[in-house]
Every structure is written in C-alpha cells, then in structure tokens.
There are 2 protein chains.
Amino acid sequence: MSFLDRIRECAQFRPADYLPVHVDGQPVGLIRPDDAASLREFPQAFAVDAGGVRLAAGVPAPADRTKLVNAALRVLAERKQLLGWRDEPYPVAADDGRAVLLHMDRAAVPRFGIRASGVHLNGYVRRGGEVLMWVGRRSLDKHTAPGKLDQIVAGGRSAGLSVRETLHKEGMEEAAIPEALAGQARPTGAILYCTQREEGLRRDVLYIYDLELPPEFIPENHDGEIAEFQLWPIGRVLEAVRDTDDFKFNCALVVIDFLIRHGYLDPDDADYPSIVAGLRFDPTFRPTPRDPAGGRPDV
Amino acid sequence: MSFLDRIRECAQFRPADYLPVHVDGQPVGLIRPDDAASLREFPQAFAVDAGGVRLAAGVPAPADRTKLVNAALRVLAERKQLLGWRDEPYPVAADDGRAVLLHMDRAAVPRFGIRASGVHLNGYVRRGGEVLMWVGRRSLDKHTAPGKLDQIVAGGRSAGLSVRETLHKEGMEEAAIPEALAGQARPTGAILYCTQREEGLRRDVLYIYDLELPPEFIPENHDGEIAEFQLWPIGRVLEAVRDTDDFKFNCALVVIDFLIRHGYLDPDDADYPSIVAGLRFDPTFRPTPRDPAGGRPDV
C-alpha cells in the first residue's frame with residue numbers, strides 16, 4: 001500500500017468506455033453506453049444514438065431543460081434504478097465554459113459524468129510541537145462510503161452557492177464550526193480527479209481549506225452525516241492514508257495534499273512528482289478560455 | 001495580464017512539432033526536426049532518421065554513451081551552435097523509469113527535451129501581521145533570463161545530488177543561508193511544466209520549499225548569479241506576478257503556488273481550478289510505474 005495507491009483509486013478512467021453527453025451542442029459529460037441505452041424510454045428528455053446522449057434536445061430555456069430531464073430522472077429514482085435522490089440541484093455547464101445550461105439532481109450527476117465541485121476542510125490543532133488532525137467517521141447510513149474516514153467538514157457545492165458559502169454552511173451543519181471561526185479558514189488550493197465509481201463517473205474539483213482550531217474546540221455533528229469525530233496525531237493520519245483504504249477515496253487525496261503542503265512527505269522519494277501531479281490529474285479537464293496554449297490532449 | 005498568462009507562458013508545447021529521442025529503446029526526450037537534422041554529422045553519437053534521434057545507438061555502457069554524446073556536443077558548443085556550456089552533468093533517464101542511461105551537459109538538456117529537475121525556495125518574513133518575501137534580481141550576465149526576478153534560492157539539480165542536498169548547496173552559494181537555517185526549510189510540493197523556450201524544450205519538475213526567515217537575516221549572493229535581493233510585501237509580489245512578466249517564467253509559477261497555498265487567491269475566482277491544475281501541467285509526464293490506471297493520454 002502507498003500514497004500512489006490512493007491516487008490510482010481516483011484515476012480509474014478509460015476514455016474508450018464512454019460516450020459524450022451534450023446540451024445544446026456543448027459537451028457537458030460522459031456516460032457509459034449501457035447507461036445511455038437505458039435512457040431511450042424517455043425520448044423527450046434524452047436523445048440517444050451511437051454518438052452519445054443529448055439532454056433536452058431542441059429545448060432552448062435552461063429551466064425547461066431542467067424540468068424535462070429531472071422528470072425522467074425521478075421516474076428512474078422511484079424505480080430504484082437511480083439511488084440516493086438528494087433534492088440538491090447541481091449546475092450543468094460546458095467543460096470549458098461557465099454558463100449553466102440546466103440543473104440536475106446531485107444523485108444523477110455521476111451517471112452522466114457531469115463535472116461537480118465540493119469543499120473540504122482540514123481541521124487541525126497544534127499542541128506543543130505536535131500537529132493533530134480532526135478526523136470524522138461517516139455515518140453507516142450514508143449513501144456513499146458509509147463508515148469511511150472523512151475530513152472534519154466536506155460537502156458538495158449546490159447550485160447558487162459560492163465556494164466560501166459552501167464552506168460556512170457545511171462547517172455549521174457537519175461540525176458546528178461558528179461563522180467567525182470558519183472565517184479564519186485559509187484556502188490552500190484544489191484537487192482534481194476523474195474516476196469511475198459504483199455511482200458513475202466522478203469528475204470533481206475539490207476546493208481545500210486549512211483551519212487551525214483552538215485546542216478547546218470540539219466538533220459536533222448536526223446533520224447526522226458523521227457518526228463520530230476523533231483528534232488524531234498527524235502520524236496516525238499519514239499511516240491510515242498510506243497503509244489502508246480507511247479514508248473515503250477522495251478524502252484520502254485531500255489528506256495527501258495536506259501532508260505535502262505541510263512538509264510530511266520527502267521530495268527525495270522517487271514517487272513524489274507522481275504524487276503531486278496525481279492530485280490534480282483529470283485528463284478531461286479543459287482549462288478556462290484563457291488557456292495554456294497546449295491545452296489537454298483530446299481523449 | 002493575469003495569473004493564467006504566466007501559466008500559459010509555461011505551456012508552449014505542440015506535440016506535433018517534435019520527434020522522439022531514445023536511448024537503448026527507451027524514450028527520454030523530444031527534439032525539433034531541424035535540431036535533429038543538424039546532428040547527422042555525428043553518426044557515432046546520434047542516429048537520426050525520420051522517426052527521431054537515438055543517442056549512442058548500440059553502445060551498452062552508460063559511461064561510454066556519455067563520452068560519445070558529450071564529445072559531439074562539445075564540438076557544437078565550440079562552434080557556438082550550443083550556448084551556455086556548464087560542465088554540469090545532468091542525468092538522462094526514461095520518462096517512466098529511474099535508471100540513468102547516460103549523462104549530458106546541462107546546456108544540451110533542453111535541446112533534446114530531456115526531463116530535468118530543480119529546487120526553488122520561497123524565503124519569507126513575518127512582520128506583525130504582514131508577510132514579506134525575499135526576491136532576487138538575476139545578474140545581467142546570466143545566460144538565461146538576465147535581469148528577471150527570481151526566488152531567494154533556485155537551482156538546477158545536477159547528477160548525484162539529492163533534492164535536499166541541492167537546496168543546501170544552492171542556499172549557501174546563492175544567498176549565504178547557513179546549513180542550520182536551510183535545514184528548517186519545509187518541502188511543500190512541486191510544479192511541473194513542458195514548454196518551448198529559446199534554448200529548447202523545458203520539461204521540468206521544480207521541488208518547492210518554504211522557509212520563514214528571521215527578520216534580521218539578510219541574504220548575500222556568493223556566486224554572482226543574483227545582482228541584488230529585496231524584501232517585498234507579499235502584495236507587491238502578487239501584483240508583479242499577475243500584472244507583469246518581470247519574474248523569470250518558471251519562478252512566476254513558484255510564486256503563484258506560494259500565493260495559493262498561503263491563501264492569497266480566491267477559490268471563487270472562476271480561473272482558480274485552471275490555475276491550480278496549470279501549475280502541475282505536463283502532458284508528457286509519465287507517472288512512476290505504480291501508475292494511475294488511466295495514465296496520461298498519448299501525445
């Protein structure tokens with residue numbers, strides 16, 4: 001087991017296994033052919049052919065597209081052919097653009113390989129010369145990754161919320177971090193990955209914050225998503241990520257990023273460049289229009 | 001001008017413009033066809049055909065390959081067809097391996113698009129609530145980027161030196177940082193890029209360290225590479241990187257990485273994911289053998 005195993009776990013993607021998903025001629029996602037075929041019974045919402053899936057083809061208004069697509073998805077959810085309905089609208093946009101073309105319930109986002117974003121907070125404490133990190137254990141009734149280890153705060157970013165707003169909202173719900181304390185959290189970067197999971201293709205940007213917490217602060221979960229919090233010496237966190245798969249797949253990468261930034265990994269380890277590159281590895285990511293000349297190779 | 005302009009400056013690479021360079025059947029670099037053609041006069045050192053260049057073809061011993069190749073390169077250097085001879089041997093290895101196949105003088109490394117590595121140190125000072133960063137101005141007689149701004153310490157990694165040893169050696173030569181103080185520097189990650197420059201294709205991994213310096217420490221250059229050091233408020237550093245090209249191309253990326261890790265960039269800026277991904281963007285990078293399943297797409 002090694003840090004690279006954690007990164008490999010977040011890089012399970014073979015381009016040839018997917019068909020493109022378009023809205024209004026713009027690429028927004030990737031879908032497996034068998035999932036695409038299962039959408040043929042909803043021709044108003046999904047135009048399916050050998051070239052891929054078009055969402056709400058011919059419908060110009062984003063609100064109308066949202067209604068059509070989510071009506072069909074609700075049918076799948078009622079039949080248990082789509083699990084984990086959330087009533088959380090996520091924005092669907094072109095890979096290289098910013099205009100929201102429609103909203104889709106979070107439960108369906110991986111099925112269509114839509115890019116999503118989330119916010120993860122590393123909550124740590126300094127005691128003498130030692131660093132300790134708050135670790136959450138996910139509730140056993142969570143839809144994804146029940147019982148796995150997690151950051152003190154982590155949450156998906158719903159439509160209409162900024163990154164900072166998501167941090168404050170989730171900080172209060174998941175760990176009872178007061179507004180003023182959450183306001184001290186420092187943005188420190190992001191990780192990117194593209195990986196096939198049971199629920200579909202996860203193409204995520206996770207925005208990362210660090211927050212040094214006062215030793216007397218004790219997190220309390222208010223939304224039932226975390227079963228318990230524990231304060232671990234950083235060495236124990238490092239070993240759990242390196243030697244086990246106890247952390248949720250993407251939370252492991254957030255920990256590795258923290259360990260690198262705080263100097264716990266050795267640059268003379270021959271794996272170091274692969275690890276740092278692997279934390280921001282998504283071959284489908286298209287940078288914003290003011291783009292590196294080369295851009296990503298087509299996949 | 002923007003942070004993305006700095007990143008674009010380090011992503012000037014079109015795969016179709018290059019031929020592969022091999023040693024003993026292993027890919028080690030990329031070369032432009034006109035540069036490849038100019039090597040035909042040294043058939044013992046370089047086997048040139050439409051498929052690319054093979055270094056020291058048929059020669060099994062690394063030391064013998066090194067002799068053959070560098071003898072030819074010295075002829076080019078004497079004729080001023082290769083500038084900046086350094087007498088610094090750099091290791092040449094397969095993209096996805098670690099065995100050193102030969103050594104090549106640093107001056108020729110970009111001509112053959114060989115991967116290289118370096119170490120850059122962010123030297124900063126806290127004064128009250130304020131952060132200031134030491135900035136070096138490169139000597140006007142430097143071969144590359146004369147007069148440009150640089151980190152307090154930055155240097156290429158020669159054959160046989162570890163990352164940490166390179167930091168200590170360059171720290172003493174470039175800024176008179178004593179061993180004990182340099183020992184406090186914290187490794188914080190790496191940047192990767194692949195970009196065409198006047199000297200050739202730069203495919204570099206730069207290992208990054210942060211060092212909080214005592215306010216009374218004043219750097220002194222001992223090797224003539226830095227004309228002067230200045231201590232700038234971090235806001236001035238940010239503006240110089242964002243709004244000008246005063247920093248050397250790769251030093252700008254090291255500053256942007258520092259600014260991100262220390263919370264000076266806003267994750268709600270729509271460019272944020274492109275910037276963080278762009279700091280580790282090399283489409284030719286092959287991770288180590290324990291590899292993400294997808295790996296990089298072929299280019």
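Computed from a predicted model, the values in this text were never measured in an experiment. As a basis for the values below, the full set of heavy atoms in this structure was taken, side chains included, without hydrogen atoms, waters or symmetry mates.
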Checking A:Arg280 side chain against B:Val276 main chain: does a donor-acceptor pair fall under 3.5 Å?
-> yes

Shortest non-hydrogen contact from A:Gly189 toward B:Tyr272 | N-OH, 2.9 Å

How about A:Glu130: does its CD atom have over 12 heavy atoms from other parts shown lying under 6.0 Å from it?
-> yes

Looking only at B:Ile191, B:Thr188, B:Val119, most heavy-atom pairs under 4.5 Å shared with chain A are made by B:Thr188

Looking only at non-hydrogen atoms, find the nearest pair between A:Tyr207 and B:Pro273 and report the distance.
-> OH-CG, 3.3 Å

Taking non-hydrogen atoms and a cut-off under 4.5 angstrom, which of residues 254-263 of chain B neighbour chain A?
-> B:Ile260, B:Arg261, B:His262, B:Gly263

Which one, A:Glu9, A:Arg186, A:Arg164, leads in non-hydrogen pairs under 4.5 Å with chain B?
-> A:Arg186

Roughly how far, to the nearest 0.5 Å, is CD of B:Glu165 from CG of A:Asp268?
-> 7.5 Å

Can you say whether B:Arg6 sits under 4.5 Å from chain A via the side chain, the backbone, both, or neither, judging by heavy atoms?
-> neither

